[in-house]
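Written out below as structure tokens is the structure these notes cover.
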Amino acid sequence: MAEILVLVDHVDGDVRKTTTELLTLARRVGEPAAVFLGPGYDVAKETLGRFGAAKAYVVDTPELDEYLVAPKAEALAQIAGEVRPAAVLLTSNADGKEIAGRLAVKLGSGLITDAVDVAPGDGGDGGVTTTQSVFAGGYTVAARVNVGTPIVTVKPNAATPEPAEVTPVDEKVDVSISESARKARVVERTPRVATGRPELTEAGVVVSGGRGTAGDFVPVEAMADALGGAVGASRAAVDSGWYPHAYQVGQTGKTVSPQLYLAAGISGAIQHRAGMQTSKTIVVVNKDAEAPIFAMADFGVVGDLHTVLPQAVEEIRSRS
Amino acid sequence: MKIVALVKHVPDATAERTFDDADHTTDRTGVDGLLSELDEYAIESALTVADGGDAEVVALTMGPSGAADAIKKALQMGADSGVHISDDALHGSDAPATARVLAAALRRIGDVDLVLTGMASTDGGMSVVPAMLAEHLDLAHVGFVGEFSVDDGTVRCRRDGDTASESVEAALPAIVSVTDQINEPRYPSFKGIMAAKKKPVETLSLADLDIDPSTVGLAAATSVVDEVTKRPERTQGEIVTDEGDGGTRLVEYLAAQKFV
Ligand SMILES: Cc1cc2nc3c(=O)[nH]c(=O)nc-3n(C[C@H](O)[C@H](O)[C@H](O)COP(=O)(O)OP(=O)(O)OC[C@H]3O[C@@H](n4cnc5c(N)ncnc54)[C@H](O)[C@@H]3O)c2cc1C
Ligand SMILES: Nc1ncnc2c1ncn2[C@@H]1O[C@H](COP(=O)(O)O)[C@@H](O)[C@H]1O
């Protein structure tokens, strides 16, 4: 079976959940092979094996961390050139998309971004077909790459990670990073402070607050904690300085697709909907019965979030 | 210093966007087009850098005749000149072809110190064209930039990723893609609107760029769309009005759905 290269998204070997989703998807279309770039493979190996990475290509050279994505694209291109995989899967985030774009040029291949599903192509030639959600979630598109090695970036939550224990056969790959790839130097890296809550894009429950919070996110955070969820925010809340940009949901923020999305004090502008429209269940608290977001609500409360949410939190506590 | 802002003309996101039934390309005729809002941040960034010193700002677009509007808006905001690549053979071009064409135009414009782009097109939204340009032109690229400054031939950027915020430095010439966190794009002033009418706009065809028309457009696309399905509208569920029991009723619903 043809290998499917999965670029591992990790922080010093701590594998992010999206990668386990990619490995799960890769198993449906071929033989998953992880590409691990940078330090920490020893830490990552167990997780990669647990999710079925039969092979792991490991590159560890300091340039991978010293410069922005270009060295990673170079290393991945070299491995893809040698392995000739049936497809390359990457995470749809800033790094993943930039690496995918560079890789497409290097390999002369087509690419598809923001897939929400990946399945075997009907040609039986090891190709893949992808599903994308476009125009703010208004359309579903089935597409495939028809030139070169299919390169696909996949959104978080595209699949439920399914374990399939193997021991990866690892291969150290030597890559010499060119001068061209050393143009954007990373001079400092400040990790995001952990909140103790689930990662926004990975969470099964997201509780978001908007302008209606009037700057007070305490009820939103309390509700998120009561449900074991992550906190999100509308751009209006972020622009007002009430919540950090990393938590913005929408077109220019994160796309989330949780089991439950609770929007409190958010009107439902198209740019916000673009980031949450594919949530399984949508619940709304808004004091304006005319707010457009109610149109997409599975359940809604017309009311003030400052009283509705605290009461809900109390009710959840009294039940547990 | 020469700065080029890449601007794309896109269907209005607040209108009902659709696909062309015949070839599954984005329908650019049925919906009003406008300058991609996310590219306004690139123009504003270019103007901010230019305001600080001696620099000219060129707005570059690739798109059908209507895309001239995107250039016009850039000129009204304050760009000095425009370049519009327009050719019927470009219809249906994908990101790889777009990047090749824009790269050729940037080479032709020549002596470019800084290329500024938006973080994504608001229609296609792939966020890959700038990284692809960097490959073609062998330039540094810093994407998803929330803050940057140029000084002494170096661009210093803050880039906010998923897991960390990074400070990145690159020597010019470089490509920088900016997010909507970076600034507040200006509105064209009356003076700006009048001045724009006299600013030069060059229109280029594929022949001007020495690009073989058979290598771009829908027929040369590296990916194909097999099917487009309109997502069923979400149907509204139960909406209750809070009469002192809103929170409790909310939890009753959540419990029925097994979330609590
Ligand atoms: C290029 C571009 C990109 C954008 N990207 C994004 C994006 O990624 N994400 C995003 O969210 N937006 C984005 N926007 C902005 C978007 O257009 C809206 O302006 C924004 O989503 C509005 O946020 P909001 O719903 O919190 O505020 P508003 O639209 O002001 O709505 C506030 C809501 O709160 C309700 N409310 C007020 N007080 C209370 C209360 N006490 N209790 C309950 N309800 C209350 C009101 O009835 C109202 O419905 C973008 C815009 C542009 C132009
Ligand atoms: N046809 C185009 N003409 C000019 N600039 C473009 C075009 N397509 C993309 N760009 C630039 O590249 C950025 C990212 O585009 P994309 O990769 O399509 O999401 C946009 O914000 C623009 O600045």
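The chains referred to below are lettered A, B, ... by the order of the sequence lines, with proteins before strands, and numbering in each begins at 1.
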Considering only heavy atoms from C-beta outward, does the side chain of [X] approach that of [Y] to under 4.5 Å?
{"X": "L260(A)", "Y": "Q257(B)", "value": "no"}
{"X": "T252(A)", "Y": "T179(B)", "value": "no"}
{"X": "L254(B)", "Y": "F299(A)", "value": "no"}
{"X": "F259(B)", "Y": "T281(A)", "value": "yes"}
{"X": "V284(A)", "Y": "Q236(B)", "value": "no"}
{"X": "R156(B)", "Y": "V187(A)", "value": "no"}
{"X": "L111(A)", "Y": "P96(B)", "value": "yes"}
{"X": "Q181(B)", "Y": "D239(A)", "value": "yes"}

Checking heavy atoms, do the side chain of [X], its backbone, both or neither come under 4.5 Å from chain B?
{"X": "V193(A)", "result": "neither"}
{"X": "Q271(A)", "result": "side chain"}
{"X": "I282(A)", "result": "both"}
{"X": "K287(A)", "result": "neither"}
{"X": "R182(A)", "result": "neither"}
{"X": "A100(A)", "result": "neither"}
{"X": "A70(A)", "result": "neither"}
{"X": "T278(A)", "result": "both"}

- If you round to the nearest 0.5 Å, how far is NZ of K97(A) from OG of S177(B)? 11.5 Å
- So how far is it from D95(A) CG to D162(B) CG, rounded to the nearest 0.5 Å? 8.0 Å
Ion pair [X]/[Y], N-O distance below 4.0 Å:
{"X": "K183(A)", "Y": "D138(B)", "result": "yes"}
{"X": "R102(A)", "Y": "E135(B)", "result": "yes"}
{"X": "D298(A)", "Y": "R234(B)", "result": "yes"}

- Test side-chain contact (heavy atoms from CB on, under 4.5 Å) applied to L68(A) and E166(B), step by step: CA-CA 9 Å; L68(A) 219 52; E166(B) 295 162 318; 3.7 Å; yes
- Item | Selection from D94(B), D160(B), V128(B), D180(B) maximising heavy-atom pairs under 4.5 Å formed with chain A | D180(B)
